[in-house]
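Letters A, B, ... are given to chains in the order of the sequence lines, protein chains preceding strands, and every chain is numbered from 1. Side chains are part of it too, since the values below use all heavy atoms of this structure and drop only hydrogens, waters and symmetry mates.
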2 protein chains.
Amino acid sequence: MLQELTEAHYSKHDYIFREGDPTEYFHIVKEGTVKCVKSTPEGKECTLKMLMPGDLFCCDAAAFDGASHPGSAQPMGDVSILRMRKKAYFEMLQRNPAAAIEVIKYLGNRLNEAQEKTKDLALDRADQRLASLLVDLATRNGIKDPNGIRLTIRLTRQDMANMVGITTETAIRIMSRFKRDRLVSGTANRLVIRDLPGLKTLASAS
Amino acid sequence: MLQELTEAHYSKHDYIFREGDPTEYFHIVKEGTVKCVKSTPEGKECTLKMLMPGDLFCCDAAAFDGASHPGSAQPMGDVSILRMRKKAYFEMLQRNPAAAIEVIKYLGNRLNEAQEKTKDLALDRADQRLASLLVDLATRNGIKDPNGIRLTIRLTRQDMANMVGITTETAIRIMSRFKRDRLVSGTANRLVIRDLPGLKTLASAS
DNA sequence: CAATAAACATGATCTATGTCATGTTTGTGA
DNA sequence: TCACAAACATGACATAGATCATGTTTATTG
């Protein structure tokens with residue numbers, strides 16, 4: 001039944017697909033992290049989501065009609081993904097209502113997430129959005145560390161900037177302030193959240 | 001089979017539900033326009049989406065688990081909606097894979113829309129976002145008018161501001177400029193798009 | 001291990017947009 | 001139709017964050 005599910009491997013600087021490419025597959029992240037990006041002709045980038053193991057992508061309409069990808073997908077380091085041709089995928093959903101409901105629940109969560117992000121971009125300051133991001137990462141991708149919570153995902157200031165809609169310089173300045181205030185320490189290779197409650201307060205401060 | 005689908009009516013100043021309320025129903029807009037809003041404790045608002053006839057809401061995870069509404073839903077004038085208790089809704093999806101796939105497609109489109117909006121908020125200027133909004137409304141909710149395309153939906157400058165993440169004053173200023181430049185005319189009760197191509201150019205100008 | 005490129009840092013501006021204030025016009029309900 | 005409340009308008013000013021520039025530190029790779 002699942003022989004249509006094949007595995008593919010990618011590494012840094014590869015593209016899983018680019019914005020505008022035709023959609024062929026439904027994907028599941030098996031290992032590693034995948035970055036979903038939209039960019040402008042002038043080279044500005046906006047990171048929509050970091051997909052982690054278990055995350056689905058192209059599980060939606062785009063995969064169904066003859067549409068093309070609305071953004072690109074890039075691996076952050078080595079990743080392996082499972083994929084299925086969209087025809088097989090939709091046949092599977094047809095035969096398997098429980099799976100379809102799981103996809104509905106997953107998409108619903110993603111939509112809520114996206115709308116929460118919209119609200120943050122529309123109403124919060126840069127430092128609040130960055131604090132939110134760090135809180136999120138700490139809870140989802142953090143492991144215990146003598147000084148707090150270490151992020152398992154390697155993120156540069158530029159990556160963070162693209163995730164919260166600010167420039168790299170601004171991200172650096174705010175991170176420097178967070179460092180000075182003992183909220184975080186370290187840089188991309190070893191970023192430690194030292195004061196999670198402090199960041200939470202900041203994230204929701206009016 | 002569909003006797004579980006009941007009709008409800010609301011009008012201006014009602015709430016269909018508020019942020020934080022427990023989810024009880026799955027909804028479909030039958031007539032009128034419904035505004036999805038998130039707001040901050042300080043009273044700032046962000047409009048996520050205007051739902052039109054045919055639009056589904058609470059068709060997702062939130063409706064499934066015991067979760068509460070992540071935003072509120074307010075009618076813009078008189079609306080009628082069809083709704084179904086979430087238990088009946090999920091049973092229906094279980095029995096009817098074609099319906100489940102429709103919901104998946106619908107949610108996928110909503111997610112793409114939301115992500116496009118994220119990109120706009122992160123990378124575009126206020127006037128571009130407002131121009132985009134007007135283009136969108138003109139194509140989706142416009143009817144022919146001697147001077148261009150008239151919007152069938154009554155939107156104040158404040159409504160527009162909340163939809164694109166700017167203040168009311170900024171929306172008024174930009175709309176005044178658009179009026180001066182003969183891109184639009186009129187106000188909430190009779191808003192006419194006079195130069196759709198002009199707005200399109202503006203919307204995607206670097 | 002040297003060389004080269006990323007990543008991080010920080011200062012000096014500049015500017016889009018927010019904030020506050022005040023006034024006019026338009027709509028609406030008693 | 002009068003009164004009251006929204007909606008629209010516009011100026012003055014404040015400021016968060018962008019932009020540009022230059023330098024240091026940290027990684028990466030041949």
Side-chain angles (χ1 to χ4, degrees), chain A residues 11-13 40 42-47 74 76-78 120-131 133-134 151 153-181 184-192 202 205-206, chain B residues 11-13 40 42-47 74 76-78 120-131 133-134 151 153-181 184-192 202 205-206:
Chain A
S11 47
K12 222 177 164 184
H13 307 301
T40 65
E42 308 93 60
K44 293 199 181 186
E45 283 197 354
C46 158
T47 300
Q74 318 169 208
M76 307 273 297
D78 293 339
D120 290 351
L121 280 167
L123 302 175
D124 292 351
R125 286 193 319 267
D127 59 343
Q128 296 177 280
R129 302 203 301 271
L130 194 43
L133 173 67
L134 293 171
L151 301 191
I153 167 177
R154 190 190 179 284
L155 280 187
T156 65
R157 310 303 197 225
Q158 172 155 220
D159 292 325
M160 299 179 210
N162 290 340
M163 292 174 86
V164 300
I166 59 182
T167 58
T168 306
E169 292 93 326
T170 299
I172 290 174
R173 273 184 248 266
I174 295 175
M175 286 299 286
S176 298
R177 202 175 85 212
F178 286 179
K179 205 174 221 168
R180 178 167 47 69
D181 298 346
V184 303
S185 67
T187 151
N189 281 313
R190 190 183 184 78
L191 189 55
V192 177
L202 219 171
S206 94
Chain B
S11 49
K12 222 177 163 181
H13 308 300
T40 67
E42 308 93 61
K44 294 200 179 186
E45 284 197 353
C46 158
T47 300
Q74 317 170 208
M76 306 274 296
D78 294 338
D120 290 350
L121 279 167
L123 303 175
D124 291 352
R125 286 193 318 268
D127 58 344
Q128 297 177 280
R129 303 204 300 271
L130 193 44
L133 173 67
L134 294 171
L151 300 191
I153 168 177
R154 190 189 179 283
L155 280 188
T156 66
R157 309 303 198 225
Q158 173 155 219
D159 292 325
M160 298 180 214
N162 290 340
M163 292 175 84
V164 300
I166 59 182
T167 59
T168 306
E169 292 93 325
T170 299
I172 289 174
R173 274 183 248 266
I174 295 174
M175 286 300 286
S176 298
R177 202 176 84 211
F178 286 179
K179 204 174 221 167
R180 178 168 46 68
D181 297 345
V184 303
S185 67
T187 151
N189 281 313
R190 190 181 184 79
L191 188 56
V192 177
L202 218 172
S206 96

I need the CG-P distance between B:Leu121 and D:dA16, as an integer number of Å.
20 Å
On the nucleotide C:dG27, are OP1 or OP2 found under 4.0 Å from the side-chain N or O atoms that B:Asn189 carries?
yes
May I ask you to say what B:Gly165 touches in the nucleic acid, namely base, sugar-phosphate or nothing, with a heavy-atom cut-off under 4.0 Å?
sugar-phosphate
With respect to the phosphate group of D:dG17, does any side-chain polar atom (N or O) of A:Thr170 fall under 4.0 Å of OP1 or OP2?
no
C:dG18 base / A:Arg125 side chain donor-acceptor hit below 3.5 Å
no
Just the rounded figure in Å: distance from P of C:dA9 to CD1 of A:Ile174.
13 Å
Can you find a donor-acceptor N/O pair under 3.5 angstrom joining the side chain of B:Arg190 to the base of C:dT26?
no
Donor-acceptor contact below 3.5 Å, side chain A:Asn162 vs main chain A:Asp159:
no
Output, in order, the C-alpha distance, side-chain angles, deciding distance and verdict of side-chain contact (heavy atoms from CB on, under 4.5 Å) for A:Arg129 and A:Leu133.
CA-CA 6 Å; A:Arg129 302 203 301 271; A:Leu133 173 67; over 6 Å; no
Without decimals, in angstroms, what is the distance between B:Phe178 CZ and D:dC8 P?
15 Å
When rounded to whole Å, the CD1 to C1' distance for the pair A:Ile172 and D:dA16 reads 17 Å
For A:Ala188 and A:Arg157 the tightest heavy-atom approach is N-NH1, 4.4 Å
For the pair made of CE in B:Met175 and P in C:dT17, what is the distance, rounded to whole Å?
16 Å
Side chain of A:Arg157 - closest among D:dA9, C:dG18, C:dA9
C:dA9
Phosphate contact (D:dA6 OP1 or OP2) by B:Thr156 side-chain N/O below 4.0 Å
no
What I want to find out is whether A:Asp78 reaches A:Lys12 closely enough, with some N-O distance under 4.0 Å, to be called a salt bridge.
no
Measure the distance from NZ on A:Lys12 to P on C:dA5 and round it to the nearest whole Å.
15 Å
What is the distance from CG of B:Leu155 to C1' of D:dA6, rounded to the nearest Å?
15 Å
Whether B:Lys179 contacts D:dC8 is assessed here as follows: a side-chain N or O lying under 4.0 Å from the phosphate OP1 or OP2. Is that the case?
no
Check: B:Arg173 side chain, D:dG11 base, donor-acceptor under 3.5 Å
yes
Could you report the tightest heavy-atom contact between A:Leu134 and A:Met175, atom names first, then the distance?
CD1-SD, 3.9 Å
5'-most by nearest nucleotide on DNA chain D - B:Arg154 or B:Glu169:
B:Arg154
Nearest to side-chain heavy atoms of B:Thr187, which nucleotide of C:dC20, C:dA7, D:dA7
D:dA7
Please check the phosphate of C:dT19 (OP1 and OP2 only) for any side-chain N or O of B:Lys44 closer than 4.0 Å.
yes
The side chain of A:Thr167 is closest to which nucleotide in this list: D:dA7, C:dT17, D:dA18?
D:dA18
